[in-house]
Amino acid sequence: MGAETTATSFAASIEAIRSKLPESLHHPQVGIICGSGLSGLVDVIKDVQKIHYSEIPDFSTSTVPGHKSELAFGFLGTVPVVAMLGRFHPYEGHGLSSVVYPVRVMARLGVKNMIITNAAGSLNPQIPVGTIVVIQDHLALPNLTGMNPLLGPQVSKDLPRFLPLSDAYSTTLRRLAFLAAHRLQLDDSALAEGVYAWVSGPTYETPAEGRFLRKAGADVVGMSTVPEVLAAREEGLNVMVLSLVTNFVVIPDSYPSIREEVKAELAGLKILRAEPEVVSHEEVLLIGKEKAKVMRELVQAVVTSIE
Ligand SMILES: O=P(O)(O)O[C@@H]1C[C@H](O)[C@@H](CO)O1
């Protein structure tokens, strides 16, 4: 899918999808995007029908471990839903219009509310690993510097050219998340609020980059989600984002001075230095697996409480 997404491509994708589904699933109301390791949500979808992305014209396929290339249609309670069991990231080589194409298709299938999940690193010492962060705002350096999925010709003249983002994250849906956590009797610390920083990846942050993002006001950082939020808002959908904190971004107060270390060694002193922590995608997936149940229950509880 190139930059020139057209009405014809949407029609072909929608026809291919609907031709594989019973009529009861033709008009999902809620769209869900599952982040790294979070596709276990599919286990609670009733009457589930899966469609591989390769069966849908103009869909890409995901290449990242922890992401499947399937759409799952079915019901959460009585609400018809569609879930992406894996997403596309620009770092995989997907163009931004491909990354957001499924969001636009979901909107054209009838989706009104979009719940987007991701795995993210914490920049905030008050937000430990395992916390689910209800995102209240974002900081997207790529958007500010020319990597914005809404750049270029509009997919429809009916959509706004200049999209405001001051209300990007639905207060109604965010309230539902906290009410759902209360109903599920989750510990008060299980759910936090914060700002998501979008970076392109695939490299994790250097300590200086982590410090910069923290000072700029971000609480968590990740490599996805914001392009999807922008497209969903442009399409007029209500959006909620849940970030699962899978790791801490290492932001030391100071760096060990190798210069001083060498001097001390030359003076005959023995130096003990802890190796810096490093994050890995395996760790990200592990925490995703550990927290899959609570994420699943929360999403399900929010969806079934949307009026
Ligand atoms: O798709 P999400 O944002 O959940 O995946 C995160 C960001 C990178 O794709 C990957 C890094 O471990 O996990």
Are [X] and [Y] linked, directly or through other ILVMFWY residues, by side chains that come within less than 4.5 angstrom of each other?
{"X": "L244", "Y": "L285", "answer": "no"}
{"X": "I116", "Y": "V221", "answer": "no"}
{"X": "W198", "Y": "Y91", "answer": "no"}
{"X": "V245", "Y": "L298", "answer": "yes"}
{"X": "L38", "Y": "V64", "answer": "no"}

So does [Y] get a backbone contact from the side chain of [X], meaning a donor-acceptor N/O pair under 3.5 Å?
{"X": "E209", "Y": "T206", "value": "yes"}
{"X": "R174", "Y": "F178", "value": "no"}
{"X": "S69", "Y": "S62", "value": "yes"}
{"X": "Q154", "Y": "L159", "value": "yes"}
{"X": "H94", "Y": "T61", "value": "yes"}
{"X": "K112", "Y": "G110", "value": "yes"}

If I take atom [atom1] from residue [X] and atom [atom2] from residue [Y], how far apart are they, to the nearest 0.5 angstrom?
{"X": "T172", "Y": "L176", "atom1": "OG1", "atom2": "CG", "answer": "7.0 Å"}
{"X": "I17", "Y": "M106", "atom1": "CD1", "atom2": "CE", "answer": "9.0 Å"}
{"X": "S257", "Y": "K263", "atom1": "OG", "atom2": "NZ", "answer": "7.5 Å"}
{"X": "S122", "Y": "N247", "atom1": "OG", "atom2": "CG", "answer": "8.5 Å"}
{"X": "I115", "Y": "N238", "atom1": "CD1", "atom2": "CG", "answer": "10.5 Å"}
{"X": "S97", "Y": "L151", "atom1": "OG", "atom2": "CG", "answer": "11.0 Å"}

Derivation of the side chain to side chain contact (heavy atoms under 4.5 Å, CB included) call for L25 and F75: CA-CA 8 Å; L25 295 175; F75 295 89; 3.5 Å; yes

Ignoring hydrogens, what is the shortest heavy-atom contact between [X] and [Y]? Give both atom names and the distance.
{"X": "V105", "Y": "S13", "answer": "CG2-CB, 4.1 Å"}
{"X": "L139", "Y": "A216", "answer": "CD2-CB, 3.7 Å"}
{"X": "V99", "Y": "P227", "answer": "CG1-CB, 4.2 Å"}
{"X": "E205", "Y": "L213", "answer": "CG-CD1, 4.2 Å"}
{"X": "L237", "Y": "M114", "answer": "CD1-CE, 3.7 Å"}
{"X": "R87", "Y": "S224", "answer": "NH1-OG, 3.2 Å"}

Would you say [atom1] of [X] has more than 12 non-hydrogen atoms from neighbouring residues, nucleotides or ligands within 6.0 angstrom?
{"X": "R259", "atom1": "CZ", "result": "no"}
{"X": "R183", "atom1": "CZ", "result": "yes"}
{"X": "D188", "atom1": "CG", "result": "no"}
{"X": "E277", "atom1": "CD", "result": "no"}
{"X": "E260", "atom1": "CD", "result": "yes"}
{"X": "F248", "atom1": "CZ", "result": "yes"}
{"X": "H26", "atom1": "NE2", "result": "yes"}

Do the non-hydrogen side-chain atoms of [X] and [Y] ever get within less than 4.5 Å of each other?
{"X": "P149", "Y": "V226", "result": "no"}
{"X": "N113", "Y": "L173", "result": "yes"}
{"X": "I32", "Y": "L76", "result": "yes"}
{"X": "T246", "Y": "E283", "result": "no"}
{"X": "V199", "Y": "L141", "result": "no"}
{"X": "V220", "Y": "N124", "result": "no"}
{"X": "L163", "Y": "R233", "result": "yes"}
{"X": "E193", "Y": "I135", "result": "no"}

Verdict with supporting geometry, M147 and L96, side chain to side chain contact (heavy atoms under 4.5 Å, CB included): CA-CA 8 Å; M147 192 174 158; L96 282 169; 3.7 Å; yes

Audit row: E234, R104, salt bridge (charged side-chain N to carboxylate O under 4.0 Å, His left out) steps and yes/no: CA-CA 9 Å; E234 189 188 35; R104 298 195 187 282; 2.7 Å; yes

Derivation of the side-chain hydrogen bond (donor to acceptor under 3.5 Å, both in side chains) call for H67 and S39: CA-CA 7 Å; H67 289 262; S39 60; over 6 Å; no

Test side chain to side chain contact (heavy atoms under 4.5 Å, CB included) applied to S36 and H281, step by step: CA-CA 9 Å; S36 283; H281 188 57; 3.6 Å; yes

Donor on one side chain, acceptor on other, E55 and H52, under 3.5 Å: no

Short N-O contact, R108 and E235, less than 4.0 angstrom: yes

Salt-bridge criterion met for K270 and E265 (N-O under 4.0 Å):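 Judged by the 4.0 Å cut-off on N to carboxylate O distance, K270 and E265 do not form a salt bridge.
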
S243/N118 under side-chain hydrogen bond (donor to acceptor under 3.5 Å, both in side chains): CA gap, chis, key distance, verdict: CA-CA 5 Å; S243 291; N118 61 55; 2.8 Å; yes

Aromatic plane relationship, H138 with Y169 - under 30° parallel, 30 to 60° tilted, over 60° perpendicular: perpendicular

Working for side chain to side chain contact (heavy atoms under 4.5 Å, CB included), residues Q49 and L71: CA-CA 8 Å; Q49 301 267 340; L71 279 185; over 6 Å; no

Centroid-centroid under 6.0 Å between Y101 and Y53 rings: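 No, too far apart.
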
